[in-house]
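Chain letters run A, B, ... following the sequence lines, proteins first, then strands; residues in each count from 1.
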4 protein chains.
Amino acid sequence: MQDIIDDICATMKDRSERGQVANYIPQLACVNPGQFGISVALPNGQVFSAGDAATLFSIQSISKLFTLTIALGKLGDAVWSRVGREPSGDPFNSIVQLEHESGKPRNPFINAGAIAIVDAIMMGHQPKETLAEILQFVRFIANDSSIGIDEKVALSELQTGDRNASLAHFMASFGRFKNPVDCVLGTYFHHCSISMSCQQLAQAGLFLVSDGINLSTGARVVSAQRARRINSLMLMCGHYDGSGEFAYRVGLPGKSGVGGGILAVAPGKASIAVWSPGLDSIGNSKLGTEALEMLVQRTGWSVFGH
Amino acid sequence: MQDIIDDICATMKDRSERGQVANYIPQLACVNPGQFGISVALPNGQVFSAGDAATLFSIQSISKLFTLTIALGKLGDAVWSRVGREPSGDPFNSIVQLEHESGKPRNPFINAGAIAIVDAIMMGHQPKETLAEILQFVRFIANDSSIGIDEKVALSELQTGDRNASLAHFMASFGRFKNPVDCVLGTYFHHCSISMSCQQLAQAGLFLVSDGINLSTGARVVSAQRARRINSLMLMCGHYDGSGEFAYRVGLPGKSGVGGGILAVAPGKASIAVWSPGLDSIGNSKLGTEALEMLVQRTGWSVFGH
Amino acid sequence: MQDIIDDICATMKDRSERGQVANYIPQLACVNPGQFGISVALPNGQVFSAGDAATLFSIQSISKLFTLTIALGKLGDAVWSRVGREPSGDPFNSIVQLEHESGKPRNPFINAGAIAIVDAIMMGHQPKETLAEILQFVRFIANDSSIGIDEKVALSELQTGDRNASLAHFMASFGRFKNPVDCVLGTYFHHCSISMSCQQLAQAGLFLVSDGINLSTGARVVSAQRARRINSLMLMCGHYDGSGEFAYRVGLPGKSGVGGGILAVAPGKASIAVWSPGLDSIGNSKLGTEALEMLVQRTGWSVFGH
Amino acid sequence: MQDIIDDICATMKDRSERGQVANYIPQLACVNPGQFGISVALPNGQVFSAGDAATLFSIQSISKLFTLTIALGKLGDAVWSRVGREPSGDPFNSIVQLEHESGKPRNPFINAGAIAIVDAIMMGHQPKETLAEILQFVRFIANDSSIGIDEKVALSELQTGDRNASLAHFMASFGRFKNPVDCVLGTYFHHCSISMSCQQLAQAGLFLVSDGINLSTGARVVSAQRARRINSLMLMCGHYDGSGEFAYRVGLPGKSGVGGGILAVAPGKASIAVWSPGLDSIGNSKLGTEALEMLVQRTGWSVFGH
């Protein structure tokens, strides 16, 4: 395994076409695009890493996976009255679908859906309390109490977050919000600004590898059925309107973030985190996707074969 | 296995809520909704069946899986210049996406995409020749030379096929067709009218279970990579705008048809065909989906667990 | 003329079908739907009134006509870099068109367009200063210094204005705003809350009757060409996606508001204000439209005949 | 008047920017773009012409005005169950709106609407009979029995008419057609291929100038109310998604065709036909629009002033 990821890392370090670093959030725009990291965590606790796997980066939309998991724990299937579970066929920040469907987002992994999920888990609490709860959960599943929020990124998002503010107010106009829009947005921007390394992120995904249990710590996080369903949502919707492409090329459930990270899950096999800041035109890490494609070719981990 | 599917069959036979039989094609509208069949084909050649598994039904859109496989064999990746590989988020017969994206269908499993695929494989031949080729392929993968077309259904579709004619002319208006629209439509309607039983259909899916080889006959149909990619397309797009729901509840690649059939693939495990004519509001077999959900719960075959 | 409007008023007072009072702004929802008023102002200064023509009501979107006129005075044709001048074919608060057209509203009379116009005229000033300027202009063209803002309505709008906040943030996300979103929204909500009577409103429209000059006071407000162009915009877009219907039935340029008022202009003939709080399904005054239809039938004032 | 149109003609002959000749219909693509003609017909029977005013050209979508008038005569207000009367905000050949609104076109002047109108007036007759009826009507209102159809253009349209075929089949799929789609399309393509000169076209519009009566012949064609309503539809929808622009710049009801012709009506004043084959990006005659803008500036004929 170490050989495989060393190979991948070497290949990625040499690539000249690295995509574009997200430029609409100033703090992300200044990240060095030359970086690449990968970590593969096995259920038995082993973690293989290469490249910049210990470097912290902004997980951005990967946080949507964690808040969905929290929401399912708190609300159960009532979550699905807030968001749907179909691919949207639209970009991550599209508002068209909301107008046609009474302000209900298609799934929890587009921005509108994730904002609605944040509203769902706040339950009248303050942003600070909700953020503490999210952080606690992420630290628990990653088994690492050092994970925190990058306040500079959060501030940067807040100042340039008109599109997300528009999505939030739009949903609120349909009476879909139970907390003040500004509180929801503040919480949303902060939880997108959690900083993690590939090593931490790969650990955090282990509960989805083994039907809800993090075998390396023995902690059950969710039921087997829920773990499988979360994986199905990641596969269907985890890469916005590039989800079909990711399924076709990589064949694993995964969730990407505009910080350049991707968390992918090979059920029964491994949890994989990759990071490279350059994005493709849809907003998914360009080298991250290529690295996962290589990894699956070498390991045969696609869920679509055997 | 026989016990499991007998249980499922007994449960389904008793259901009062059976969905609505497709009514826009007269010949389909008169099918008895009380029927239910299931067949599970294992790579070793064993086939377990229950209920009306030997009854012929119109496979309708399941044919899209076969023409896509033929097209990939003939054109390779050039297929993707004709259709995309993303979920559309729209109903099976939507034309909106075509207008916004220059007449290129999002994927090969919505009607527009399948019509484009038929045009792609005709290559200047007559409908009769193309249909012969399609039938030959289906007989080959199902290892059953008796499979044929129900001419009454084909005629019925042709007479009520204005929506599909609209899709075809729309694409043609962007210069995307290489064969006359009427020839493409005639071929399309006929290949939707192939009649198969659950037993035959389950056999036909075996090559997708074992990375491209039908292990029961030893025939390699496609490469391992191609089989996996076809499976990914089925999972992402095989149930129209109900694909996310199917992935969530069943967790297997599958393709449905408005005749009430569904072909599902559990990689490395089995090829499963179910049939019940009543459809849900999206156009997928209501009891067929429920049966597959039960089967996966009993067998643990979801691709999202281990 | 007095006979005509007395007849109309009597007819309208008897109507049982009066439409629905706007219910999304609490302060508007409690207005008595039984009211009806009409005023016809002639270029020579005569004003004919009937019914509740002296009662103050919230002009709401009719204010869009005044801010457009101010914006054209300040920016000239540069206004058209901020908004278009085509009917949108969509409801007054639609956001779909904005996403498809880079955040540029189709015209100045849908909500998004009017919000963009408010941003255009603020030019870095505070809401209070901009509102003073708008009020000054309205008082000037209506020749009535008593016109003011209903603060209760403004507050009510602000508290329930999520849809408009969404539109504003959406446009801002395309870099289209030069003032803080909250300041623009505050100004927008307040200027929608100007209270006027039919008598005042009919006076305010006189400059559009006589090619830019209010003949009753002698004041030139805009050039002849600009007056005509404003009239064309009112005819094309003044009633949202009911503009075609209004042109068909009434045949005059007009601008409606969800407070139940309509200001209509018969070039060379008269300025007409009607008010009745009940709205049709599109959001235009039901009895107001019927009253104007009757008036045009009696007077032959349609711009489409002679 | 002759001086004015001579001036306009001289200006237009010199223009270097003349737009693009319609290229999707081969027979139209080969028309010389250097041509320009204008005719102004007064109610008293006088006709002033300049430039290529006697040259025959393909009236294309201007025919929609004639079939709408025929349909209103045959069906009265029942026409509005087949098409709406709102601007669509979409291009002339858009299909998106049809999908969202159950196959009912927004207005009779977009392609889908005109095709629906042709179906409405066929009433079970053959294309040949319907075409004879349309021609008879056009000859009657233009008072010229020589007007005919250019068969080469009709054939050219039929061969490249996939987009219109798509629109027709789409509407038919909603059960909206009473005649076979092919018959409707054949009739539609032929009536678009009527050839007329500016002189003939200006005469044909006279009934809309004088409230339904062609004063030069004394023939009443439609009621006063109907004439005004047809004018309102032309103003709102006569130039597709450039209708607002035309109303803003010209301020007259008008109908354009991709052959480069425009028929405009100044109620009480004149019927004006202009022709120049080059089109703007929306599909309206570039120089034709400019010529009308000049004419209105010189004559003050805008319906929005006095």
S.K.: Enter the distance from D/Phe174:CZ to B/Arg163:CZ here, rounded to the nearest 0.5 Å.
M.R.: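 The distance works out to 4.5 Å.
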
S.K.: Measure the spacing between CD1 of D/Ile95 and CZ of B/Phe170 and express it to the nearest 0.5 Å.
M.R.: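 The CZ atom of B/Phe170 is 5.5 Å from CD1 of D/Ile95, to the nearest 0.5 Å.
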
S.K.: If you count heavy atoms of other groups shown closer than 6.0 angstrom to NZ of B/Lys74, is the number above 12?
M.R.: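 Above 12, so yes.
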
S.K.: Between D/His100 and B/Val96, is the side chain to side chain contact (heavy atoms under 4.5 Å, CB included) condition met? List the steps.
M.R.: CA-CA 9 Å; D/His100 291 149; B/Val96 169; 3.9 Å; yes

S.K.: Tell me whether B/Gln20 at atom CD has more than 12 heavy atoms from other residues, nucleotides or ligands lying less than 6.0 Å away.
M.R.: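 No, CD of B/Gln20 has 12 or fewer neighbouring heavy atoms, counting only those of other groups under 6.0 Å.
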
S.K.: Quick one: which of B/Asp162, B/Leu167, B/Asn164, B/Leu185 gives a side-chain contact (heavy atoms from CB on, under 4.5 Å) with D/His169?
M.R.: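 Checked B/Asp162, B/Leu167, B/Asn164, B/Leu185 against D/His169; only one passes side-chain contact (heavy atoms from CB on, under 4.5 Å): B/Asp162.
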
S.K.: Please report the interatomic distance CG(B/Leu98) to CD(D/Glu99), rounded to the nearest 0.5 Å.
M.R.: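 Answer for the CG-CD pair, B/Leu98 versus D/Glu99, is 9.0 Å.
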
S.K.: Between chain B and each of D/Gly161, D/Ala165, D/Ser94, D/Ser166, count heavy-atom pairs under 4.5 Å; write down the option with the most.
M.R.: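 When all of D/Gly161, D/Ala165, D/Ser94, D/Ser166 are compared, D/Ser166 has the most.
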
